[in-house]
Chemist: 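Pasting in a structure now, in structure tokens, and then I'll have a few things to ask.
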Number of protein chains: 2
Amino acid sequence: MILIKLGGSIITDKTQYRTFNRGAVRRLCKEIKDSGIDAVIVHGGGSFGHVLAKEHSLQNGYTEPSQIPAAAKVQYDMRELNLMVISELLDAGMPAVSVPPGSCFMMDDGKLILDDPEVLLSASRLGLTPVVFGDVVFDRRKGFGICSGDQIMEVLCRIYDPEKAVFVSDVDGLFDKDPKKNPGSKLLPEVTWDLLKTVSSDISVDDVTGGVGAKMESMLRMTSSKRDCVLVNGSVEGRLYSLLKGDKVISTTAKGGSK
Amino acid sequence: MILIKLGGSIITDKTQYRTFNRGAVRRLCKEIKDSGIDAVIVHGGGSFGHVLAKEHSLQNGYTEPSQIPAAAKVQYDMRELNLMVISELLDAGMPAVSVPPGSCFMMDDGKLILDDPEVLLSASRLGLTPVVFGDVVFDRRKGFGICSGDQIMEVLCRIYDPEKAVFVSDVDGLFDKDPKKNPGSKLLPEVTWDLLKTVSSDISVDDVTGGVGAKMESMLRMTSSKRDCVLVNGSVEGRLYSLLKGDKVISTTAKGGSK
């Protein structure tokens, strides 16, 4: 089984509130289906989640009553986005079912608690494809908070122990310098904990507020002696398909087991 | 707090696959909001759930592989319907959040297991309005099954202990004879376990496959010495509002505590 995250930057237009990239999602769903792999899918929020969540500081937890309708609206927007993704998966011939974290799980001071994976495992056992996503999630201490797609990936790695975890973004991988500022920057095909220390920390990748350092650390935490974690560009046609088929493609692979 | 079920016959056109009664739902959401009560809402599936579920015998559990895409499609259709209901609640000014049983809970041989109501209670505590609905739910013994809105109402009565449970349907209440066949049939303003024995069992109400007997038994099971359970016609403008405000309206009230 391969755990795949479709990043918010690839499935939405992050610059425009609630804009879905249907064409890209349709193609990526077909690439996943055509590869023939068993998948569990996670997706980000992009412009369906981040805009309003940021406006109302939902990531900081409950501070004032005006956040309540905003929390409901962000959950609503995320479920709309999720249904659009599910619809494309169904059309591609994958029997996808939604598992929305905000409805199913709790957080404790920002940490996602997923004590009971029975629904997820029941779905997979029947040959259904679970689809999870970044969401507003209730929090025992803070009232609520934002659970990112990356947090979900880490938890699902523990539950499913997948052979590979794949992050589909709109960049070719991790570079030694920010490629937007440095034309001569080089793609790093492989990253380890040791190598990460040498990489400039101000590079922005995908939708990561914590910068590329947090992103790669999160990816490295998902690796094991048997499992790599790959960052691949989903905006290039066929690249995800080739990766899933086991071909060597332009990408960055986090390796080396967890710290 | 009042637990309200919006029946499938009132929120959809049951004769046409996937037809939403937006006007009726919009009005009912406004009536709930205007009444000023705290609500937890359940809705049925109507033509979004029943048509395809019946076609593939999903209520009998897993018997053949062709049911798998059908189970995914029914879950998808139900989530579309749910988002339409949520959207109307948000527009009416109620911060509604979705809790889909098929994503969050399990069944065991047709019985809904809801061991952990933490998400539901967290939502209510913050002033959000949980919305639950009839769904395809994974089943420990049968693979999956159908969890009806009425089953959910019973479980939510145990969790929330509401002051009243209200079933909004498209009939005025329970009659002593089937009103469609007997013009002289009389509405029963009150039903108890004893009275139920005297009522003709072939009367059809709302979307209940088990007939009116099962419906009223389910309603009676939800009563307690402190809680009535009311069947009211939501297609008559203002009737739900009046009921929620505490006025006497045309309806059938199940009374008398559980058996």
Side-chain angles (χ1 to χ4, degrees), chain A residues 61-62 65-87 89-91 93-108 113 115-116 118-132 135-140 143-144, chain B residues 61-62 65-87 89-91 93-108 113 115-116 118-132 135-140 143-144:
Chain A
Y62 179 77
S66 72
Q67 290 176 309
I68 296 298
K73 184 66 167 85
V74 173
Q75 276 211 354
Y76 174 83
D77 287 344
M78 283 308 303
R79 277 146 192 75
E80 278 224 320
L81 173 61
N82 177 245
L83 277 192
M84 290 191 251
V85 173
I86 299 256
S87 175
L89 286 165
L90 293 178
D91 284 353
M94 296 184 77
V97 289
S98 170
V99 181
S103 310
C104 305
F105 312 123
M106 293 291 301
M107 295 206 298
D108 190 356
I113 304 159
D115 291 335
D116 184 358
E118 193 175 359
V119 169
L120 284 164
L121 296 175
S122 299
S124 303
R125 211 173 292 130
L126 283 165
L128 291 149
T129 304
V131 183
V132 195
D135 203 5
V136 179
V137 174
F138 297 114
D139 190 300
R140 285 178 187 165
F144 53 73
Chain B
Y62 179 78
S66 71
Q67 290 176 310
I68 296 298
K73 183 67 167 80
V74 173
Q75 276 212 353
Y76 173 83
D77 287 344
M78 282 307 304
R79 278 148 190 72
E80 278 222 322
L81 172 62
N82 177 243
L83 277 192
M84 290 190 254
V85 173
I86 300 254
S87 174
L89 286 165
L90 294 177
D91 284 354
M94 297 184 74
V97 291
S98 170
V99 180
S103 311
C104 304
F105 311 123
M106 292 293 300
M107 295 205 298
D108 190 355
I113 305 158
D115 292 335
D116 183 358
E118 192 175 0
V119 169
L120 283 164
L121 297 175
S122 301
S124 304
R125 211 174 292 131
L126 282 164
L128 291 148
T129 304
V131 183
V132 196
D135 202 6
V136 179
V137 174
F138 298 114
D139 189 300
R140 285 178 185 163
F144 51 73

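The chains referred to below are lettered A, B, ... by the order of the sequence lines, with proteins before strands, and numbering in each begins at 1.
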Chemist: Pick whichever of B/Leu126, B/Val99, B/Asp116, B/Asp115 has the most heavy-atom pairs under 4.5 Å with chain A.
Modeler: B/Leu126
Chemist: Could you check which of A/Pro69, A/Gly143, A/Ser87 has the highest count of heavy-atom pairs closer than 4.5 Å to chain B?
Modeler: A/Ser87
Chemist: Do you know which of A/Gly93, A/Pro95, A/Ser103, A/Ala71 has the most heavy-atom pairs with chain B at a distance under 4.5 angstrom?
Modeler: A/Ser103
Chemist: To the closest 0.5 Å, what do you measure between CZ (B/Arg79) and OG (A/Ser98)?
Modeler: 6.0 Å
Chemist: Looking only at heavy atoms and a cut-off of under 4.5 Å, which of B/Gly102, B/Ser122, B/Pro65, B/Pro130 has the most pairs with chain A?
Modeler: B/Ser122
Chemist: Heavy-atom cut-off 4.5 Å, strictly under: side chain, backbone, both or neither for A/Phe105 against chain B?
Modeler: backbone
Chemist: To the nearest 0.5 Å, tell me how far A/Ile113 CD1 sits from B/Glu118 CD.
Modeler: 6.5 Å
Chemist: Under a 4.5 Å heavy-atom cut-off, does chain B meet the side chain of A/Thr129, its backbone, both or neither?
Modeler: neither
Chemist: Could you tell me which of B/Leu120, B/Ile68, B/Leu89 has the largest number of non-hydrogen atom pairs under 4.5 Å with chain A?
Modeler: B/Ile68
Chemist: Counting heavy-atom pairs under 4.5 Å to chain B, which of A/Gly127, A/Pro100, A/Ala72 comes out on top?
Modeler: A/Ala72
Chemist: Under 4.5 Å heavy-atom distance to chain A, tell me which part of B/Arg140 shows up: side chain, backbone, both or neither.
Modeler: side chain
Chemist: With a 4.5 angstrom heavy-atom cut-off, is it the side chain or the backbone of B/Ala123 that approaches chain A, or both, or neither?
Modeler: both
Chemist: Quick one: which of A/Ile86, A/Val136, A/Val119, A/Val97 has the most heavy-atom pairs under 4.5 Å with chain B, could you say?
Modeler: A/Val119
Chemist: Tell me which of these, A/Phe144, A/Tyr62, A/Phe138, has more heavy-atom pairs under 4.5 Å with chain B than the rest.
Modeler: A/Phe138
Chemist: Sort B/Gln75 into side chain, backbone, both or neither according to what part of it lies under 4.5 angstrom from a heavy atom of chain A.
Modeler: side chain
Chemist: Heavy-atom distance under 4.5 Å to chain B: side chain of A/Leu90, backbone, both or neither?
Modeler: side chain
